[in-house]
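Heavy atoms only: backbone and side chains are in, while hydrogens, waters and symmetry mates are out.
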Amino acid sequence: DSVGIVKRVTNYFFDDDEFEAEFERWCEEKCAVVDLDSKTTEQRLEYTSLHEEFKAMYEAKLEGFIEKEGSTVLEFFTAIREAQEVDEHSEEATLGTIMLATTDYSVFMQMMRDFKEGQLKSSHK
């Protein structure tokens, strides 16, 4: 059922350690290209490529999980949309907002800067 798949994806998204660890490993491996010293708002083409790679991995992981659970991506997003129409502050609606934000370029770049800063801090201890 549609509510069930949303709850299972919610648990996967927030509680699955391997899901989180895979993205953390990816960010740690890729964040070296981020220039923390740049004062310009101009973004390098390399960042766009990284963002596309991240989105593809993110979408593939979620799609694989949803299909493994016996549902389709269309059913999942239809359930999210219907939940947003009923109550935009519901758990399901919030999940949809968070999932979209995760793929947003500016959110992605902030995450990559945070990973790079974390690596620099840990290397200076």
Side-chain angles (χ1 to χ4, degrees):
D1 75 283
S2 62
V3 174
I5 189 59
V6 173
K7 292 225 179 290
R8 291 190 303 276
V9 170
T10 300
N11 291 339
Y12 179 64
F13 188 83
F14 290 110
D15 301 328
D16 188 284
D17 292 338
E18 184 50 38
F19 179 76
E20 181 181 350
E22 187 167 341
F23 287 99
E24 285 179 1
R25 281 190 301 272
W26 187 90
C27 291
E28 287 169 356
E29 290 171 8
K30 306 287 183 170
C31 72
V33 303
V34 175
D35 181 4
L36 295 176
D37 297 324
S38 177
K39 301 295 183 227
T40 179
T41 58
E42 184 178 316
Q43 298 294 322
R44 295 169 23 192
L45 185 58
E46 192 171 17
Y47 298 166
T48 304
S49 297
L50 275 179
H51 181 236
E52 292 301 318
E53 185 180 331
F54 175 83
K55 284 193 319 184
M57 181 178 68
Y58 175 79
E59 291 166 2
K61 292 289 287 179
L62 287 174
E63 184 175 318
F65 177 80
I66 290 167
E67 290 174 355
K68 185 181 84 172
E69 292 294 311
S71 193
T72 68
V73 173
L74 179 61
E75 290 168 336
F76 171 72
F77 282 109
T78 298
I80 293 284
R81 183 179 43 76
E82 289 171 354
Q84 289 172 328
E85 289 170 0
V86 171
D87 177 5
E88 66 184 36
H89 302 292
S90 69
E91 254 184 65
E92 295 86 356
T94 302
L95 173 67
T97 302
I98 292 169
M99 290 178 77
L100 282 175
T102 303
T103 62
D104 180 77
Y105 182 79
S106 59
V107 171
F108 168 77
M109 285 307 301
Q110 185 58 54
M111 177 181 67
M112 293 301 283
R113 283 191 286 276
D114 291 347
F115 268 93
K116 176 118 183 217
E117 288 171 353
Q119 283 185 343
L120 291 174
K121 284 179 185 170
S122 65
S123 69
H124 288 105
K125 286 184 178 180

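Note on Leu100: it does not cluster hydrophobically with Phe65, by side-chain heavy-atom contacts below 4.5 Å among ILVMFWY residues. Phe14 is not connected to Val107 by any chain of hydrophobic side-chain contacts under 4.5 Å among Ile, Leu, Val, Met, Phe, Trp and Tyr, and they are in different clusters.
In summary, Glu85 and Arg81 engage in a salt bridge, as defined by a charged side-chain N under 4.0 Å from a carboxylate O.
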Apply the test salt bridge (Lys or Arg N to Asp or Glu O under 4.0 Å) to residues Arg25 and Glu28: give CA-CA distance (whole Å), side-chain angles for both, the deciding distance (0.1 Å), then the verdict. CA-CA 5 Å; Arg25 281 190 301 272; Glu28 287 169 356; over 6 Å; no

Evaluate side-chain contact (heavy atoms from CB on, under 4.5 Å) for Lys30 paired with Phe115, printing each intermediate quantity in order. CA-CA 9 Å; Lys30 306 287 183 170; Phe115 268 93; over 6 Å; no

Output, in order, the C-alpha distance, side-chain angles, deciding distance and verdict of side-chain contact (heavy atoms from CB on, under 4.5 Å) for Glu59 and Leu62. CA-CA 5 Å; Glu59 291 166 2; Leu62 287 174; 5.9 Å; no

For side-chain contact (heavy atoms from CB on, under 4.5 Å), just list the numbers for Phe76 and Met99, CA-CA rounded to whole Å, side-chain angles, deciding distance to a tenth of an Å, and then say yes or no. CA-CA 12 Å; Phe76 171 72; Met99 290 178 77; 3.7 Å; yes

As a quick check of understanding, evaluate side-chain contact (heavy atoms from CB on, under 4.5 Å) for Ile80 and Gln84, giving each step before the final call. CA-CA 6 Å; Ile80 293 284; Gln84 289 172 328; 4.0 Å; yes

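A heavy-atom distance below 4.5 Å is not found between the side chains of Glu63 and Ile66. Using a 4.5 Å heavy-atom threshold, the side chains of Phe23 and Lys61 count as touching.
Within the 3.5 Å criterion, the main-chain N or O of Ala93 finds no donor-acceptor partner in the side chain of Glu88. Between the His51 side chain and the Ser106 main chain, no donor and acceptor come within less than 3.5 Å of each other. Here the side chain of Thr94 pairs a donor or acceptor atom with the backbone of Ser90 at under 3.5 angstrom.
Atom-to-atom distance recorded for Asp35:CG and Arg113:CZ is 10.5 Å, nearest 0.5 angstrom. Atom CD1 of residue Ile5 and atom CD of residue Glu67 lie 10.0 Å apart, to the nearest 0.5 angstrom. Here the OG atom belonging to Ser71 is positioned 11.0 Å from the CZ atom belonging to Phe77, to the nearest 0.5 angstrom.
Heavy atoms from other residues, nucleotides or ligands lying under 6.0 Å from CD of Glu91 number 12 at most.
In this structure, Leu95 and Phe13 approach most closely via the heavy-atom pair CD1-CD2, 4.1 Å. Residue Leu50 comes nearest to Met112 through the heavy atom pair CD1-CE, 4.4 Å, listed as atom of the first residue, atom of the second, then distance. Nearest heavy atom pair, residue Glu18 against residue Asp16, reads N-OD1, 3.1 Å. The shortest heavy-atom contact between Val33 and Arg44 is O-NH2, 3.0 Å. Lys55 approaches Thr103 most closely through the heavy-atom pair CD-O, 3.6 Å. Across Thr102 and Tyr58, no two heavy atoms sit closer than the pair CG2-CE1, 3.6 Å.
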